[in-house]
Amino acid sequence: MERCKVKIQGFGVDSFSFDEAVSYILEHKGIVITINPEMIQCARTNPEFSQIINSADLVIPDGIGVEIGLKILGNKVKRIAGIEFARRLIHEFSKDSLPIAFVGAKQEIIGKAVENLKKEEPDLNVCYVQNGYFKDDERVYEELKNANPKLVLAALGSPKQEFFIKRASELLPDSVLIGIGGSFDVWSGVVKRAPVIYQKLGIEWLYRTIKEPKRFKRIFPSLPLFVLKVVREKFIGVN
Ligand code: UDP
């Protein structure tokens, strides 16, 4: 399977379906970026982050903002929720009991998330668990390398998690690594995902903002501004 990328704000996004994206990364390994408008905005002013996205092995359109943006630009690409993609990867790796590392979130959250996942995936092979509030990065990289996971799930928030998986990928060249934001919070049962109707309509962000009003600052004005920038890109090009 060949990659077919479509561009938005200067960043390539893979146009695979969910299942194709899973097959592709299982075969090729490497870094998966779950791209959203906030990450694009951040990467446009952060060349190092931008480089990580552009050199990633797979970039999936996580969130309605990127799907809408791509549609404005004439590309019909269906969004792939990062949390669902990561959950499927856990399932695929667990089928063969391949070792998985969990890095991120608060200690009790990550503990509970792993415990819940173990109940759903009896053959889950957890080789490393580290909460996301460490200061001694070198220790974590060293331990991760020794644990030798085939899948690394990093939930440290963006862009911290992408910088983390980039460095980790140099130590684990034969692994799949993905940054998954608040997924451990959801798997722990502490944070509820939006009801399916919100997910289907692509307005999960609205539900999360209602539940957690401090997220408002993150979404507005960044989401409408992003759409405006894409409209500008359509007619004038990326500035
Ligand atoms: N987090 C972490 N270390 C940090 C900052 C954040 O482990 O230094 C965790 C945080 O506990 C949460 C996740 O990163 O579990 C990011 O959550 P956020 O809501 O920012 O992610 P989103 O899904 O919005 O990308």
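Side chains included, hydrogens not; waters and symmetry mates left out as well; all remaining heavy atoms used. In each ligand, atom 1 is the first atom listed, and ligand 1 is the first ligand listed.
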May I have the list of side-chain donor-acceptor pairs in residues 69-79 shorter than 3.5 Å, sequence neighbours left out?
residue : atom : partner : partner atom : Å
Arg79   : NE   : Glu67   : OE1          : 3.1
Arg79   : NH1  : Gln199  : O            : 3.0
Arg79   : NH2  : Lys200  : O            : 3.4

Quiz item: Taking the six-membered ring where the residue is Trp, are the ring centres of Tyr128 and Phe102 under 6.0 Å apart?
Solution: no
Quiz prompt | Test item: Gln161 side-chain N/O and Gly181 main-chain N/O as donor-acceptor pair under 3.5 Å | solution = yes
Exercise. At a heavy-atom distance under 4.0 Å, which protein residues reach ligand 1? Sort them by chain and number, would you?
Key: Gly104, Ala105, Gly132, Tyr133, Ala155, Leu156, Gly157, Lys160, Gly181, Gly182, Asp185, Arg208, Arg215, Arg218
Self-check item: Heavy-atom donor-acceptor pair, Ser15 side chain to Cys4 backbone, under 3.5 Å
Solution: yes
Quiz item: Would you say the side-chain atoms of Glu233 pair up with the backbone N or O of Gln9, donor to acceptor, closer than 3.5 Å?
Solution: yes
Exercise. State, yes or no, whether a side-chain contact exists between Lys112 and Glu108 at a heavy-atom distance under 4.5 Å.
Key: no
